[in-house]
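Some notes on the structure that comes next.
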4 protein chains.
Amino acid sequence: MSRNKIIEAAARMFSRSGYHRTSMDEIALEAGVAKGTLYYHFPGKAQMFQALITEGLQKITETIRSEIDRDRSLREQIETVIRLNVDLYLEYSELAHIFFNEISNGIEEEALLAVRKERSAYIQFIADILVEAGIPPEEGPLAAAGFLSMMNGLCSYYLSRSNEVKREQIDRLLYASVTAVLSPT
Amino acid sequence: MSRNKIIEAAARMFSRSGYHRTSMDEIALEAGVAKGTLYYHFPGKAQMFQALITEGLQKITETIRSEIDRDRSLREQIETVIRLNVDLYLEYSELAHIFFNEISNGIEEEALLAVRKERSAYIQFIADILVEAGIPPEEGPLAAAGFLSMMNGLCSYYLSRSNEVKREQIDRLLYASVTAVLSPT
Amino acid sequence: MSRNKIIEAAARMFSRSGYHRTSMDEIALEAGVAKGTLYYHFPGKAQMFQALITEGLQKITETIRSEIDRDRSLREQIETVIRLNVDLYLEYSELAHIFFNEISNGIEEEALLAVRKERSAYIQFIADILVEAGIPPEEGPLAAAGFLSMMNGLCSYYLSRSNEVKREQIDRLLYASVTAVLSPT
Amino acid sequence: MSRNKIIEAAARMFSRSGYHRTSMDEIALEAGVAKGTLYYHFPGKAQMFQALITEGLQKITETIRSEIDRDRSLREQIETVIRLNVDLYLEYSELAHIFFNEISNGIEEEALLAVRKERSAYIQFIADILVEAGIPPEEGPLAAAGFLSMMNGLCSYYLSRSNEVKREQIDRLLYASVTAVLSPT
DNA sequence: TATGAATGAGGGTTCATTCAT
DNA sequence: TATGAATGAACCCTCATTCAT
């Protein structure tokens, strides 16, 4: 079906050039369909982006959840969450970047709200894991937001200076931060 | 002089609506000058943004440096760095957001590089403080990048949910993270 | 049969939103058929409009003719023509409006000509009645065109200002105009 | 100034092809300016149309008013109003047609209201003249609307069948109608 | 007889930038 | 030093129509 081709093409293009730099023409070209086809499947650019985020996050949360279940110790669980998030970020860096940060720009209001909701849900998803790991419940979402942003920043830095930084450092710094928050002095 | 009026107007508008949502017309209107005047003082929008960032950061680094000098203990210095950064972020949130994240969009290459350089310099500036505070030198920049991003995320979250979160929590979480990195287990 | 459902749906939609504001999607939706079905029954939008007009007018002229036959006096006949025309206009205002005026827009040439022909025929139909009522034959069509347009304008005005105008005024003004033309000073 | 060139070009194009059939590209081409220039002078197509109508009507009402003042008898005044309106209609037929009828289509709400207001004002302007000539005040606007629509229809018919109809017939029919309304039986 | 996914030409609009004054 | 009219490439979106099933 061309809907999938479009979603995938859009993910590629957004991840490569960002939301605004990617034109509908380019997405159509990349997907190998006519421009009008985009509008047959999605009401507009913003809603396409929204669908892409929603459907992507669903897969991601499912993956993380199932991987965590296999782990025994708390430490392993946290390490898995970190590892999977970093993996995903490094693979879809630009898209993840948009998801975490760039949202507020020129996206249509309704779709923007939907994406924000998606983001809140993901933050809550991470927060729940942190709470289970021992963080005070009322601080969970904030800590999760901080964790994800930090990851975002570390990965960005890593991608632009991969010669100076090793991948392990990212995981280690994140792990240190998280455990610091878990058992505050 | 018009130049200052423009810089200030641009800072206000960018901070209010973001880089792309702010048009040159709006900046001219806000500054109370004609559109052409913008191009008399700056080669283009990107360069105006760059000037704004450069000049703003100069003031900021100076402020932080002088405030730190007054502190005695290491702990006080770190707390000051955190406090000042959070203060600035909360005041110029959107602008800070752009500075830390949104850079990759549709900004002209050359100016983009210049802004990235500024950002690297600021990260290095924070890194130097962290190194002085005990972090291994080769990890300074990455840790600083992580710290700034985390602050970014925490403040964003705080701004959108100020009823659920207290300002103190931000500082505390940041402090915990930083110290965790300073003395890894 | 689908064809009828489509014609009726189209009449409703055109009457509600006008020819151009009504999309083929909307007609299909209103008719409860798939979009492709429209093109199974009609070569295109314009031809659908044309069919709608042709078939509608046939019913209308038959109605008027049979109603007139029952009347005895000239005065009654004229009053009946006026009353029926106004009734129809007020019921299918937008459609009637299109029929009388809006034809010249973006309708395909051939269908446009067909609709114009229908309109001429209807004008001639009214003209014949007027001639029978005493108007000079060479002036019949022009007078009929004037009569129909006037009705059009009066009804439009009435529909937009129904609180200021009474339905009877329309009929009265039309009657006065017609009789003035019948027996010029 | 190019604003005038644009208004004139738009009047020509709208008058030739109607509002919807005329694209902004065509107007720009006809005016000899770049497309963007249209948007420098007008917020959009609808507002351009609105400006065109407003400014045109101003000239027209002024012309009619000054010409009427020279006439002595009531009869002359009415004849003048008829003559000038018909003249104008025949010169800018399509534009006048749009002004009187096509308004309701795909024009932006706000501009649409403005044009409707303009039309109401013009109807009132004609109504005032009719009232002065003896028509009951509460019937003035309706009669004026009827008069203008009739003129519209007669002129349209004349333009499409100029070989069958003489210009004088239009004026005569209109005069007969008006006087019939002035002194109802 | 009916479907609906796919098309692509065409339309209105935005906006950073230029330049004569 | 400053202006603002003019530009035009780029963009998002609409919609009548086609066609394989």
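The structure presented is a predicted model; accordingly, all values stated were derived computationally and were not measured. Just so we're on the same page: letters track the sequence lines, and every chain starts at 1.
dA9(F) atom C1' lies 12 Å from atom CG of D25(D), rounded to whole Å. Atom CE of M1(D) and atom C1' of dG4(F) are 13 Å apart (whole Å). Atom P of nucleotide dA9(F) and atom CE of M24(A) are separated by 23 Å, given to the nearest angstrom. Separating the CZ atom of F42(A) from the P atom of dT14(F) is a distance of 15 Å, rounded to the nearest angstrom. Between the OH atom of Y19(B) and the P atom of dT14(E) there is a distance of 19 Å, given to the nearest Å. What separates CZ of R21(A) from C1' of dA10(F) is a distance of 12 Å, to the nearest Å. Regarding F49(B), its CZ atom lies at a distance of 14 Å from the P atom of dA16(E), rounded to whole Å. Distance Q47(C) CD to dT17(F) C1': 11 Å, rounded to the nearest Å.
The side chain of Y39(C) lies closest to dA16(F), out of dA16(F), dT17(E), dG4(F). Ranking dC12(F), dT13(E), dG4(E) by closeness to the A34(C) side chain, first place goes to dG4(E). Comparing dC11(F), dT13(E), dA16(E) by their nearest atom to the side chain of S23(A) picks out dC11(F). Here the nucleotide nearest the side chain of K45(C), chosen from dT1(E), dT17(E), dT17(F), is dT17(F).
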Could you go through the salt bridge (Lys or Arg N to Asp or Glu O under 4.0 Å) check for R3(B) and E55(B) one step at a time? CA-CA 12 Å; R3(B) 193 177 184 284; E55(B) 294 171 25; 3.1 Å; yes
Check step by step if side chain to side chain contact (heavy atoms under 4.5 Å, CB included) holds for N152(D) and N152(C). CA-CA 10 Å; N152(D) 184 354; N152(C) 183 355; over 6 Å; no
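Of the inter-residue distances, the one linking S2(D) atom OG with K5(D) atom NZ reads 5.5 Å to the nearest 0.5 angstrom.
By the 4.5 Å heavy-atom criterion applied to side chains, I27(A) and M48(A) are counted as neighbours.
Nucleotide dT7(F) has dA16(E) as its partner under the Watson-Crick or G-U criteria, with both atom distances under 3.5 Å. Under the Watson-Crick or G-U wobble criterion, with both distances below 3.5 Å, dG10(E) is paired with dC13(F). Using the Watson-Crick or G-U wobble rule with both distances under 3.5 Å, dT21(E) pairs with dA2(F).
At dC11(F), none of the side-chain N or O atoms of H20(A) fall inside 4.0 Å of OP1 or OP2 (strictly under the cut-off).
Under 3.5 Å, the side chains of Q50(D) and E118(D) contain no donor-acceptor pair of N or O atoms.
A distance of about 13 Å separates the C1' atoms of dT21(F) and dT1(E), rounded to the whole Å.
Nucleic acid contact class of K35(D) (heavy atoms, under 4.0 Å, all strands): base. At the heavy-atom level, T37(D) lies under 4.0 Å from base atoms of the strands shown.
Around atom CZ of F42(C), more than 12 heavy atoms belonging to other residues, nucleotides or ligands sit under 6.0 Å away.
Residue G32(B) is the one, among V33(D) and G32(B), whose nearest nucleotide of DNA chain F lies closer to the 5' end (criterion: closest heavy atom). Position along DNA chain E of the nearest nucleotide to L38(A) versus G36(B) favours L38(A) as the more 5'-ward residue. Place E26(D) and R3(A) on DNA chain E by their nearest nucleotides, and R3(A) ends up nearer the 5' end.
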